[in-house]
Each structure stands twice: as C-alpha cells, then as structure tokens.
J.: 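A single structure is presented below for examination.
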Amino acid sequence: MNFWQRGLKSVTRRKGRSFILFLVIFILGNVIAGAVSIQQSTKNVEIETKKQMGAQATIDMDYEQFDKDYNANPEKFEDDSEWFSAPSLKELEAVGQLPYVKFFDYSIPGYMGTNKVKAYSPEDGSVSYGGAAKYQFNLKGVNRKEIVDAEEGYIKIVEGSTFSDKDITDGMQRVIISKEVAELNNLSVGDQLVFDVTGEYYNEEDMMREDEGTDEGEMTDDGGLNEPEVITFDFPTEVVGIFTVVKKEETKEKTPEEVSNESWQAMEQINTIYAPNKLVQSLNAQMQEKIWKMPLEDVAGNEYYQSTYILNSIDDLEAFREEANALITKEYYHVVASSDQYDQIAGGMQKLGKISGYVVIIAVAAALMIISLIVLLFLRDRKHELGIYLSLGESRAKIIGQILVELLLTSALALILSLITGNLLASGISGSLLQMDWLNGAQDGVMYYGNMMGNNITTEEIQNAYNVTFSLGYIVSYLLIGLGTVLLSVIVPLLYILRLNPKKIMM
C-alpha cells in the first residue's frame with residue numbers, strides 16, 4: 001500500500017483525531033481569512049478611491065512643517081523673509097521633466113473686482129461681496145493651449161476654442177469664460193469683453209491711523225477714518241471660448257453643509273476666467289500700479305506660479321514625490337497630491353487595515369504553535385505504529401509523506417470551508433467596527449491643494465465604497481497564507497520522526 005493510500009485510510013479511521021485537527025484549523029482559518037479579507041478590501045478602497053481622485057500634483061507650501069518650526073523657534077522667521085519665497089520657475093520646469101509626468105502646466109493666478117461685468121452668484125443670494133466692487137472674478141493663467149482642467153474633465157469647452165500657440169506666447173488679450181457669465185453679460189464667442197477693474201486704495205497715512213485707532217466701527221479723535229479711494233480702469237479682452245463645469249454624478253443624498261460647500265466651489269469655478277499667463281501677468285501689474293500705486297520697480301518680477309503636474313499613473317506618485325522634493329530647494333515647499341486628501345479623512349479605514357494586518361500576524365503565529373503541538377502529540381501516540389513501519393523497512397521519507405498527506409487532506413477541507421465563512425465573518429465584523437466612534441475618529445476637513453481641482457471625497461463616501469467581496473486576490477492570498485502556515489507548523493513534528501529508533505520502540 002502506498003504511503004498516500006495509508007494516509008487517506010488513517011484520516012478516515014481516526015475520525016476523532018482528524019475532527020479535532022480539522023476544528024482547530026477551521027477556527028484559526030476563519031480568523032486568518034476574515035483578517036485577510038478585510039485587509040484586501042481596505043486596500044482596494046484606497047486604490048480605487050485614489051484612482052478616482054486623479055494622478056495630479058502641485059508644489060505648495062508645507063504649512064504643517066512651518067507651523068511646527070515657527071512654534072519651536074519664532075525668532076528664526078522675524079528677520080528672514082526668504083522662507084516664504086516660492087520655488088523658481090526653473091525648478092518647477094525641472095520637476096515637469098521627470099519621467100513620471102504625463103504633462104504639466106504652470107499658472108499665474110489673479111483676481112479682480114468689477115461693477116459692470118456681472119459674476120455668477122447662487123439663486124438664493126447667499127453670496128455677497130463687500131467693498132467697492134460688486135462682483136469678483138478669479139483669473140487662471142495657462143502656459144499651454146491645452147487647458148489642464150479641460151483635459152482632466154473638470155470643465156468642457158462648449159463654444160469656441162482654446163488658445164492658440166500665438167495667444168500663449170504673445171499674451172494676446174483673449175479669455176475663456178463660463179457659460180453662466182456669458183449669459184449674464186449677453187456675450188458670445190468673438191465678442192469684446194471690457195472689464196471695469198475696480199479696487200480700493202488706502203494711503204499709508206490712513207493705514208497708520210487705522211492701526212492706531214480703536215475697534216472697528218469706532219470713531220477716532222478727528223471724527224473717523226477717511227473713505228478709501230475707489231479706482232477703476234478698463235481692461236479690454238476678446239472671448240474666444242465658453243466652458244461649462246462638469247458636474248459630478250450624485251451617488252447619495254447630501255447634507256446641507258455638503259450642498260453649501262459644493263455650491264460655493266461651483267460658483268468659484270464658474271467665475272474663473274482662463275487667460276494666457278502673460279495676460280494675467282499684465283493685469284496683475286496694472287492693478288498693482290494703478291490701484292495699489294506700487295512703484296514700477298516693485299511690480300516687476302513679482303510673479304507667483306502655481307504648478308500642476310499630471311502623472312502617467314497614480315502608482316508613480318510616491319516616486320515622483322521623492323524625486324520632485326529633492327529638486328525643490330525651498331525649505332517649506334513640497335509636493336502635494338490630490339490623493340493626499342484620502343490620507344486625511346480615511347483614518348478609520350486605515351486603522352481597520354492596520355488592525356487586520358496585526359490580526360493576521362497574531363493568528364498565523366498562534367496557528368503555528370497550536371498545530372505543531374497537536375500534530376506532535378498525535379505522532380507520539382502513534383509511536384509504535386511508526387516504529388513498525390520502520391522495522392518493516394519503510395523509509396523515513398515515505399512516513400513523512402504519509403503524515404503530510406494526512407495533514408494536507410484535513411487542512412485543505414478546513415481551509416476551503418473557512419474561506420467562505422471567514423469572508424462572511426469579515427463582512428459582519430468590519431461593518432460594525434466602522435460604526436464605532438474610536439475607529440471613525442477622522443473627520444472631513446479642509447485641506448489646501450493649491451490650484452488643483454481634484455474630486456472631493458467624504459468619510460461617508462469612502463465607507464460606502466468599502467465592500468467585502470469574494471475576490472481572486474482574497475482567495476489566492478488566504479490559501480497561500482493558510483497552506484504555508486500548515487506546512488511550516490509540521491517542521492517540528494517531522495523532526496520527531498527523524499529521531500525515531502525502531503529498536504528502542506519495539507523493545
């Protein structure tokens with residue numbers, strides 16, 4: 001009789017011992033299967049969510065590190081303004097040449113107030129602007145004719161076209177506006193759009209008096225502060241394109257706060273005007289000179305660039321972050337990615353993934369010890385049987401093979417059953433854990449992402465995306481861990497077989 005046939009008959013004849021071993025492996029297998037399933041599910045949520053948020057990055061100030069250093073040593077920043085200066089355009093372009101970058105753009109931002117040219121505001125009238133200007137517009141400079149926001153699907157050009165290469169290089173007086181702004185001002189592609197740029201100017205004497213005065217609204221000794229000087233100048237442009245904001249599909253009912261935040265973000269985007277960088281630079285310079293009356297020498301070379309890097313894949317993010325940070329010489333500037341928001345608000349999901357990882361390690365260690373002890377005890381009870389096999393000339397290798405067949409037959413059945421029950425167990429336990437306050441401590445927060453327009457997510461959306469499934473990755477991972485644990489657990493018992501002496505056993 002072959003050793004594998006003896007192993008099969010041994011399992012069926014020793015039903016009590018086989019059942020004990022099956023029960024132990026089944027229980028431990030459920031723990032391991034449940035932990036592996038949770039770990040796989042949390043990893044899948046992170047991967048899919050970050051893909052949805054996009055492989056987009058920018059170079060922005062590290063406010064957290066700055067606050068930490070400032071609180072530790074505020075004197076360091078009193079006489080040194082260099083810490084606040086942004087990376088140079090040369091450094092931003094060097095980052096854009098990294099192999100992980102699909103394409104990049106750098107933008108000169110700006111804003112302006114107007115009274116004649118109308119900006120969009122919500123129908124409920126919840127937004128109002130103070131000061132001399134009734135309306136406010138955001139300016140977003142572009143350095144390439146393909147607008148990043150359009151390529152990433154945040155806006156869509158519905159009329160006209162984007163800028164030409166000549167528009168970009170020469171800084172032509174051409175703009176792209178939203179459909180809502182165009183309708184409010186009766187504009188279409190090809191029309192002239194003259195912005196009545198409006199701002200307030202406070203002279204230095206008034207500013208000093210305001211600083212020395214009393215609380216807001218109180219009169220000073222000479223009867224009150226002078227009104228600021230309202231200055232307006234015309235800035236002519238031509239409309240070459242009209243865009244609409246691409247709305248995200250609604251997957252759930254939103255809270256009033258979420259509705260308010262989305263309404264504000266939509267309004268900001270609708271009131272954004274795209275223009276060549278040189279045109280935005282020219283408008284900023286005119287505002288500084290005409291409204292704020294800054295000297296010409298202070299206006300020149302005072303540009304601030306917002307960079308946008310679109311990566312080839314979300315998988316390239318960490319490698320890009322490491323190499324890009326090495327190219328940035330400014331101490332308090334670093335890479336910020338759109339997917340970083342996930343790490344900020346998915347604390348509960350990340351905790352769950354870590355806990356499941358610890359459970360796998362503990363369960364595997366426990367399984368190694370328990371299965372080893374049980375198999376060793378069973379082998380000691382069968383010492384005379386094994387001694388007879390050796391006396392009859394059976395090789396130790398075949399006896400070890402028989403023991404492995406017995407163990408694998410029992411463990412295979414236990415592991416396959418626990419593969420199913422462990423998945424069901426993981427679904428129930430993880431659902432309960434995610435509702436617990438200590439695990440769900442991460443709150444939705446606001447994180448600054450420069451000029452990026454990535455998809456905003458909430459803790460609730462991440463939890464809704466969590467789903468324990470019977471996936472191929474889960475099956476393969478669990479069976480590899482389970483079978484590997486069983487095989488490792490028989491190393492010590494098999495050493496016992498190698499030490500058996502048939503003469504002493506049969507005496």
Side-chain angles (χ1 to χ4, degrees), residues 103 105-123 127 129 133-199 231-247 265-291 303 305-306 308 310 451 453:
F103 59 87
D105 194 12
Y106 56 88
S107 170
I108 298 178
Y111 69 92
M112 64 178 170
T114 62
N115 284 313
K116 295 179 181 178
V117 179
K118 299 177 182 178
Y120 170 81
S121 61
E123 295 179 358
V127 177
Y129 302 100
K134 294 181 181 179
Y135 309 105
Q136 295 288 338
F137 289 95
N138 301 312
L139 297 167
K140 192 167 187 178
V142 296
N143 196 58
R144 56 198 298 270
K145 61 182 181 180
E146 299 87 0
I147 299 176
V148 173
D149 291 346
E151 290 193 313
E152 290 299 289
Y154 303 131
I155 65 171
K156 182 180 180 180
I157 306 296
V158 292
E159 295 182 37
S161 62
T162 59
F163 305 108
S164 65
D165 291 329
K166 181 176 176 60
D167 292 337
I168 300 295
T169 55
D170 295 346
M172 303 294 289
Q173 304 280 114
R174 293 176 177 174
V175 296
I176 297 175
I177 61 176
S178 68
K179 184 177 181 180
E180 290 81 356
V181 171
E183 291 175 349
L184 283 170
N185 296 278
N186 298 318
L187 295 169
S188 58
V189 174
D191 287 351
Q192 293 296 314
L193 172 56
V194 180
F195 291 100
D196 56 316
V197 183
T198 303
I231 300 174
T232 302
F233 67 90
D234 290 339
F235 191 79
T237 62
E238 177 189 350
V239 178
V240 296
I242 296 175
F243 70 87
T244 58
V245 178
V246 178
K247 295 182 179 179
Q265 291 174 356
M267 183 193 70
E268 288 291 296
Q269 180 56 37
I270 289 171
N271 290 329
T272 295
I273 297 171
Y274 294 89
N277 268 336
K278 290 184 178 180
L279 180 61
V280 179
Q281 182 181 12
S282 173
L283 176 58
N284 288 343
Q286 290 187 47
M287 291 179 65
Q288 292 170 357
E289 180 186 356
K290 296 179 180 180
I291 296 179
E303 296 83 17
Y305 297 96
Q306 290 178 334
T308 302
I310 306 301
N451 63 325
M453 290 181 57

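The model shown is predicted, which means the values in this text are computed figures rather than measured ones. Quick note: numbers below take in every heavy atom, side chains included, and nothing from hydrogens, waters or symmetry partners.
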J.: Are the side chain of D167 and the backbone of K145 linked by a donor-acceptor contact shorter than 3.5 Å?
T.: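 Not a single qualifying donor-acceptor pair exists.
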J.: Looking at CD of E159 and CG of L187, how far apart are the two atoms once the value is rounded to the nearest 0.5 Å?
T.: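 The CG atom of L187 is 11.0 Å from CD of E159, to the nearest 0.5 Å.
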J.: Out of curiosity, L184 CG to S121 OG, how far, rounded to the nearest 0.5 Å?
T.: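 Here the rounded value is 7.5 Å.
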J.: Salt-bridged, R144 to D165, with N to O below 4.0 Å?
T.: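 Looking at R144 and D165, the cut-off is not met.
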J.: What distance do M112 atom CE and L283 atom CG have between them, rounded to the nearest 0.5 Å?
T.: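 Rounded to the nearest 0.5 Å, the CE-CG separation comes to 6.0 Å.
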J.: Testing the basics here: between A119 and Q136, what is the closest heavy-atom pair and its distance to 0.1 Å?
T.: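 Scanning both residues, the minimum pair turns out to be CB-O, 3.7 Å.
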J.: Could you walk me through whether M172 and L279 pass the side chain to side chain contact (heavy atoms under 4.5 Å, CB included) test, one step at a time?
T.: CA-CA 7 Å; M172 303 294 289; L279 180 61; over 6 Å; no
J.: Pair Y305, I108 - check side chain to side chain contact (heavy atoms under 4.5 Å, CB included), show working.
T.: CA-CA 5 Å; Y305 297 96; I108 298 178; 3.7 Å; yes
J.: Between V142 and D105, does a side chain to side chain contact (heavy atoms under 4.5 Å, CB included) hold up when you go through it step by step?
T.: CA-CA 7 Å; V142 296; D105 194 12; 3.9 Å; yes
J.: Would you check if the side chain of D191 reaches a backbone N or O of S188 as a donor-acceptor pair within less than 3.5 Å?
T.: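 Yes: the side chain of D191 pairs with the backbone of S188.
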J.: Under the criterion side chain to side chain contact (heavy atoms under 4.5 Å, CB included), I'd like the reasoning laid out for F103 against E146: C-alpha separation, chi angles, the key distance, then a yes or no.
T.: CA-CA 10 Å; F103 59 87; E146 299 87 0; over 6 Å; no
J.: Under a 4.5 Å cut-off applied to non-hydrogen side-chain atoms, are V148 and I310 in contact?
T.: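 A side-chain contact under 4.5 Å exists here.
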J.: Do I273 and I176 touch side chain to side chain, with heavy atoms closer than 4.5 Å?
T.: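 Of all side-chain heavy-atom pairs linking I176 with I273, none is under 4.5 Å.
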J.: Under a 4.0 Å N-O cut-off, is there an ion pair linking K118 with E183?
T.: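 No, K118 and E183 are not salt-bridged.
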J.: For the side chain of N138 and the backbone of Y111, is there at least one donor-acceptor N/O pair under 3.5 Å apart?
T.: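 Side chain of N138 to backbone of Y111, a donor-acceptor pair under 3.5 Å: no, none is there.
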J.: Tell me if a side-chain donor or acceptor on N115 pairs with a main-chain N or O of K134 at a distance below 3.5 Å.
T.: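 Yes; at least one donor-acceptor contact below 3.5 Å.
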J.: Count the heavy atoms of every other residue, nucleotide or ligand shown that sit under 6.0 Å from NZ of K290, and state whether that count exceeds 12.
T.: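 More than 12 within 6.0 Å, yes.
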J.: About how many Å separate CG of N271 and OG of S178, when rounded to the nearest 0.5 Å?
T.: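 Reported to 0.5 Å precision, the distance equals 6.5 Å.
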J.: Taking all non-hydrogen atoms of both residues into account, name the closest pair between Y274 and F163 and its distance.
T.: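 Between these two residues, the closest heavy atoms are O-CZ, 3.3 Å.
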J.: Go through it in stages, so that I can follow the logic: the residues are Y120 and Y135, the test is ring pair (Phe, Tyr, Trp, His ring centres under 6.0 Å), and I'd like the CA-CA distance, side-chain angles, deciding distance and then a yes or no.
T.: CA-CA 8 Å; Y120 170 81; Y135 309 105; over 10 Å; no
J.: Would you give the length of the straight line joining atom CD1 of I155 to atom NZ of K179, rounded to the nearest 0.5 angstrom?
T.: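 Reported to 0.5 Å precision, the distance equals 14.5 Å.
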J.: Minimum heavy-atom separation for N185 and K116, please, with both atom names.
T.: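 In this case the closest contact between N185 and K116 is OD1-O, 4.0 Å.
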J.: Show me the donor-acceptor pairs within less than 3.5 Å that the side chains of residues 231-240 make with the rest of the protein, sequence neighbours left out.
T.:
residue, atom, partner, partner atom, Å
T232, OG1, T198, OG1, 3.2
T237, OG1, L193, O, 2.7

J.: Which heavy atom of R174 sits nearest to which heavy atom of P276, and what is that distance?
T.: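 That would be O-CD, 3.3 Å.
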J.: Hey, could you give me the CZ/CD1 distance between F137 and I177, rounded to the nearest 0.5 Å?
T.: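 If I round to the nearest 0.5 Å, the distance is 8.0 Å.
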